[in-house]
Amino acid sequence: MNKRNVFDVLKERGYLAQVTHEDEVRDLLGSESVTFYIGFDPTADSLHVGHFIQVMVMMHMQQAGHRPIALIGGGTGMVGDPSGKTDMRKMMTKETIDHNCRAFQKQLSRFLDFSEGQALLVNNGDWLLDLNYVEFLREVGVHFSVNRMLTAECFKSRLEKGLSFLEFNYMLMQSYDFLALYRKYQAKLQLGGDDQWSNILGGVDLIRRVEGSPAYGMTFNLLTTSAGKKMGKTEAGALWLDPDKTSPYEFYQYWRNIDDDDVKKCLALLTFLPMEEVERLGSLKDEKINDAKKVLAYEVTKVIHGEEEAKKAEAASQALFGSGGADAEVPGSTITEKEFQDHRNIIDLLHLIKLIPSKGEGRRLIQQGGIYVNDERIEAIDHTLTDSDLKDRSLMIRKGKKVYHKVTVE
RNA sequence: GGGGGAGUACCCAAGUGGCCAAAGGGGGCAGACUGUAAAUCUGUUAGCUCAGCUUUCGAUGGUUCGAAUCCGUCCUCCCCCA
């Protein structure tokens with residue numbers, strides 16, 4: 001542990017948003033192995049890039065010799081965090097939550113070393129679900145001032161739109177998590193996205209009051225674009241870590257196409273490249289910054305999907321957009337001879353391979369000149385494909401400028 | 001529990017008997033320009049067998065030649081009072 005203080009690393013890379021006690025936390029992280037935790041609520045069956053920032057932090061921390069606890073919110077998920085949300089969350093069934101928890105576990109174990117207790121994975125359902133209401137109120141509830149809670153930033157938007165008592169309790173539950181982890185594993189530090197600030201403070205205060213011991217909290221910047229919007233959104237919704245929900249190719253392409261202004265930030269937050277390299281790549285201008293985007297896309301894809309998938313995605317992108325070899329694995333689908341014969345009409349085929357959600361959309365696309373077959377623009381909405389369109393039993397369809405889809409007939 | 005208000009397409013939001021598949025904005029998609037970027041401009045954005053038809057304005061049942069718009073019931077949410 002002769003490395004730099006991880007606190008400085010996190011700060012330099014731009015993760016830090018708020019810290020409860022900056023100097024103390026820095027000293028602590030520099031002097032001993034600290035057990036810390038980050039919670040993940042199982043709101044979907046895969047983590048997405050928003051979560052990934054937190055995972056990156058955990059990796060940095062673990063590399064620096066600290067012990068991460070990944071907390072999966074099997075208990076808090078039953079309530080739903082109202083922080084920053086404008087609408088009430090849909091209540092999820094217990095089955096869904098369990099299913100999502102397992103998916104999270106699987107994904108997290110790819111990024112952190114859980115062997116020999118170097119990192120822990122716990123589920124707060126283990127202690128939250130069997131709580132006795134009155135006991136909980138007496139032990140935890142007494143320490144919370146409703147007056148103060150109401151002034152918390154995280155409830156602000158909900159005080160205008162409505163907030164149920166169920167969700168109002170979320171803060172207490174998360175605070176109790178911290179206390180439980182403190183007691184069980186001596187966790188002294190809770191990390192989280194900046195939207196978790198109020199919830200984290202709740203836990204820090206609770207431990208200080210109940211145990212009379214110091215506890216700390218620290219939040220990280222959310223992944224936003226330079227325009228301030230949440231990043232990691234695609235037309236299909238979030239950018240998922242699950243390759244079945246967002247393919248490595250799509251994933252790679254997302255980062256390849258990111259705004260110039262966001263390149264440097266993403267390199268720092270989402271890759272392990274040394275900061276000198278981040279600085280160098282991030283300061284490239286105009287066309288040159290495309291090189292930085294390629295590095296970014298490759299590196300992020302590598303961390304999440306592995307080197308092999310990253311190379312494939314890179315090769316496919318090169319083949320489609322550059323001058324690379326044509327035999328790379330480009331995205332596409334395989335159909336049978338019969339399906340091809342039955343869908344010779346271009347719109348039918350587009351619909352079959354799910355490149356368009358409806359045939360009306362297909363007509364519009366063609367009328368606007370957005371569909372290409374083997375690099376030739378399709379002009380008529382009743383265009384019919386022939387066998388001679390098949391080159392090597394396949395044809396390349398392009399939708400718009402960037403969506404490539406190779407159809408192979410078997 | 002009493003009183004008031006609201007539920008409209010992916011989101012916000014106009015529309016209060018026919019001219020409404022429904023203004024406007026956001027977002028999405030496509031075209032132009034580019035650097036597989038951003039900004040900008042243009043078009044488009046319920047479905048289908050597309051100059052025609054079908055389904056949509058919280059749910060359901062009515063009134064009417066005709067309803068997102070009127071009436072009844074129900075559901076959900078918000079505000080004020082208790």
Side-chain angles (χ1 to χ4, degrees), chain A residues 82 85-91 155-168 224-239 249-267 281-298 300-301 313-324 328 330-331 342-343 345-348 350-351 354-373 375-384 396-405:
Chain A
K85 302 286 182 311
T86 48
D87 297 307
M88 189 170 80
R89 291 281 192 85
K90 284 188 214 65
M91 275 226 247
F155 294 124
K156 209 170 155 192
S157 70
R158 295 301 299 279
L159 285 176
E160 289 160 19
K161 295 277 285 186
L163 176 71
S164 68
F165 187 68
L166 174 82
E167 295 173 284
F168 192 56
T224 52
T225 66
S226 49
K229 286 181 194 155
K230 266 192 193 164
M231 216 150 96
K233 293 284 181 188
T234 67
E235 68 279 12
L239 198 62
Y249 170 80
E250 280 177 84
F251 192 84
Y252 178 97
Q253 281 293 315
Y254 181 86
W255 303 108
R256 176 63 186 79
N257 282 301
I258 211 151
D259 283 16
D260 290 5
D261 296 341
D262 296 324
V263 171
K264 188 170 157 186
K265 176 168 63 187
C266 290
L267 281 166
L281 290 167
S283 57
L284 294 173
K285 290 279 178 278
D286 304 321
E287 277 188 70
K288 294 260 172 48
I289 201 161
N290 280 323
D291 294 337
K293 291 186 190 179
K294 283 181 194 164
V295 174
L296 170 69
Y298 176 78
V300 184
T301 309
E314 188 178 49
S317 300
Q318 182 65 23
L320 294 171
F321 294 100
S323 52
V330 301
D342 291 346
H343 300 271
N345 176 280
I346 183 66
I347 291 179
D348 287 343
L350 290 173
H351 194 61
K354 298 195 171 66
L355 213 49
I356 49 171
S358 72
K359 295 185 181 178
E361 171 82 19
R363 285 186 200 94
R364 204 176 304 123
L365 266 163
I366 291 171
Q367 277 159 3
Q368 295 182 138
I371 291 293
Y372 298 78
V373 171
D375 248 4
E376 296 215 9
R377 181 178 275 183
I378 298 298
E379 306 286 351
I381 60 168
D382 54 357
H383 184 88
T384 304
M396 181 61 74
I397 296 179
R398 193 174 112 215
K399 174 182 156 235
K401 289 196 192 83
K402 300 178 198 164
V403 183
Y404 286 90
H405 192 105

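Below, all heavy atoms of this structure are taken into account, side chains as well, without hydrogens, waters or symmetry copies. Owing to the predicted nature of the structure, the values given are computational and were not obtained by experimental measurement. Chain A is the first sequence line, chain B the second, and so forth, proteins listed ahead of strands; every chain is numbered from 1.
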J.: Which whole-number value in Å describes the distance from E379(A) CD to G31(B) P?
T.: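 Rounded to whole Å, this separation is 12 Å.
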J.: Please tell me which of the listed nucleotides, A30(B), G35(B), A38(B), lies nearest to the side chain of K399(A)?
T.: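 Of all the options, the side chain of K399(A) is nearest to A30(B).
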J.: May I ask you to say what I371(A) touches in the nucleic acid, namely base, sugar-phosphate or nothing, with a heavy-atom cut-off under 4.0 Å?
T.: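 Answer is nothing: I371(A) stays at 4.0 Å or more from every strand.
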J.: Rounded off to whole Å, could you give me the CG-to-C1' distance for the N345(A) and U49(B) pair?
T.: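 Going from N345(A) (CG) to U49(B) (C1'), I get 12 Å.
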J.: Return the pairing partner of A51(B) with a 3.5 Å limit on both distances, Watson-Crick or G-U wobble; otherwise return none.
T.: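 Pair assignment: A51(B) / none.
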J.: Does the side chain of H343(A) come within less than 4.5 Å of L350(A)'s, by heavy atoms?
T.: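 No; the side chains remain at least 4.5 Å from each other.
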J.: May I ask you to test the D260(A)-K293(A) pair for a side-chain heavy-atom distance under 4.5 Å?
T.: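 Of all side-chain heavy-atom pairs linking K293(A) with D260(A), at least one is under 4.5 Å.
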J.: Apply the side-chain contact (heavy atoms from CB on, under 4.5 Å) test between I356(A) and each candidate in I366(A), I371(A), I347(A); give the one that qualifies.
T.: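 Checked I366(A), I371(A), I347(A) against I356(A); only one passes side-chain contact (heavy atoms from CB on, under 4.5 Å): I347(A).
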J.: Between P on C29(B) and CD1 on I356(A), what's the gap in Å once rounded to a whole number?
T.: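 Distance, rounded to whole Å: 15 Å.
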J.: Whom does G7(B) pair with, Watson-Crick or G-U wobble, provided both distances fall under 3.5 Å?
T.: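 Base-paired to C75(B).
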J.: If you measure from the P atom in A30(B) to the same atom in U60(B), how many Å do you get, rounded?
T.: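 These two P atoms come out 36 Å apart once rounded.
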J.: What is the distance, rounded to the nearest whole Å, between atom CZ of R256(A) and atom P of U34(B)?
T.: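 For the pair R256(A) CZ and U34(B) P, the rounded distance is 17 Å.
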J.: How far does the C1' atom of C33(B) sit from the matching atom of A39(B), given to the nearest Å?
T.: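 Per the computed distance, 11 Å lies between those C1' atoms.
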J.: Any side-chain donor-acceptor pair under 3.5 Å between E361(A) and S358(A)?
T.: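 No donor-acceptor contact under 3.5 Å links the two side chains.
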J.: When both hydrogen-bonding distances must be under 3.5 Å and the geometry is Watson-Crick or G-U wobble, what is C33(B) paired with, if anything?
T.: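 By the stated definition (distances under 3.5 Å), nothing pairs with C33(B).
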J.: Whole angstroms only, please: what is the NZ-P distance between K402(A) and A37(B)?
T.: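 Interatomic distance, NZ of K402(A) to P of A37(B): 4 Å.
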J.: In whole angstrom, give the distance that lies between atom CG of L320(A) and atom P of G35(B).
T.: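 These atoms are roughly 19 Å apart.
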J.: Tell me which nucleotide among G35(B), C29(B), A32(B) gets nearest to the side chain of L365(A).
T.: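 Given the options G35(B), C29(B), A32(B), the side chain of L365(A) is closest to C29(B).
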J.: Write out a two-atom table: protein N or O, nucleotide N or O from nucleotides 20-23 of chain B, distance below 3.5 Å.
T.:
none

J.: Rounded to whole angstrom, note down the C1' distance from C71(B) over to C80(B).
T.: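 28 Å, rounded to whole Å.
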J.: Mind checking who C57(B) pairs with, Watson-Crick or G-U wobble, both distances under 3.5 Å?
T.: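 C57(B) is unpaired by these criteria.
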J.: For nucleotides 41-47 of chain B, give me every protein contact, N/O to N/O, under 3.5 Å, one pair per line with atom names.
T.:
residue: G43(B); atom: N2; partner: Q368(A); partner atom: OE1; Å: 3.1
residue: G43(B); atom: N2; partner: Q368(A); partner atom: NE2; Å: 3.1
residue: G43(B); atom: N3; partner: Q368(A); partner atom: OE1; Å: 3.0
residue: U44(B); atom: O4'; partner: Q368(A); partner atom: OE1; Å: 3.2
residue: U44(B); atom: O2'; partner: R364(A); partner atom: NE; Å: 3.0
residue: G47(B); atom: OP1; partner: S358(A); partner atom: OG; Å: 2.9

J.: A38(B) pairs with which nucleotide, Watson-Crick or G-U wobble, both distances below 3.5 Å?
T.: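 The answer is none; no pair meets the criterion.
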J.: What residues, two or more places apart in sequence or in another chain, satisfy side chain to side chain donor-acceptor pair (under 3.5 Å) together with T301(A)?
T.: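 T301(A) satisfies side chain to side chain donor-acceptor pair (under 3.5 Å) with no residue once adjacent residues are dropped.
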J.: Over 60° means perpendicular and under 30° means parallel, so tell me whether F165(A) and F168(A) are parallel, tilted or perpendicular.
T.: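 Rings of F165(A) and F168(A): tilted, 30 to 60°.
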J.: Sticking with atom C1', work out how far C11(B) lies from G5(B), rounded to a whole angstrom.
T.: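 Taking atom C1' in both C11(B) and G5(B), they lie 22 Å apart.
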J.: Return the orientation label for the Y404(A) and F321(A) ring planes: parallel under 30°, perpendicular over 60°, tilted otherwise.
T.: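 Taking F321(A) first and then Y404(A), their aromatic rings stand perpendicular (interplane angle over 60°).
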J.: Look through every strand shown and name the nucleotide pairing with G1(B) as Watson-Crick or G-U wobble, where both distances are under 3.5 Å.
T.: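 Per the H-bond distance test, C81(B).
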J.: Round to a whole Å and report the spacing from CD of Q253(A) to C1' of G35(B).
T.: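 Spelled out: CD on Q253(A) to C1' on G35(B) is 14 Å.
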J.: Given 3.5 Å as the limit, does a donor-acceptor pair link the side chain of R398(A) with the main chain of G400(A), or not?
T.: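 At least one qualifying donor-acceptor pair exists.
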J.: Could you check which nucleotide pairs with A21(B) in any of the strands shown, counting Watson-Crick or G-U wobble with both distances under 3.5 Å?
T.: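 Across all strands, not a single nucleotide pairs with A21(B).
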J.: Could you tell me if the side chain of D262(A) sits less than 4.5 Å from the side chain of K265(A), heavy atoms only?
T.: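 A side-chain contact exists here, since the closest heavy-atom pair is under 4.5 Å.
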J.: NA contact type, R377(A), heavy-atom cut-off 4.0 Å: base, sugar-phosphate, or nothing?
T.: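 Sugar-phosphate contact only.
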J.: With a 4.0 Å cut-off on heavy atoms, is K293(A) in touch with a base, just the backbone sugar-phosphate, or nothing at all?
T.: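 Since a base atom lies under 4.0 Å of K293(A), the category is base.
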J.: With a 4.5 Å limit on heavy-atom distance, are the side chains of D375(A) and M396(A) in contact?
T.: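 When only atoms from C-beta onward are counted, M396(A) and D375(A) do not touch, as no gap falls below 4.5 Å.
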J.: Check whether any side-chain N or O of D259(A) sits under 3.5 Å from a backbone N or O of D261(A) as a donor-acceptor pair, and report yes or no.
T.: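 A pair under 3.5 Å: no.
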J.: Check the distance between A37(B)'s P and F321(A)'s CZ and give it to me in whole angstrom.
T.: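 Going from F321(A) (CZ) to A37(B) (P), I get 9 Å.
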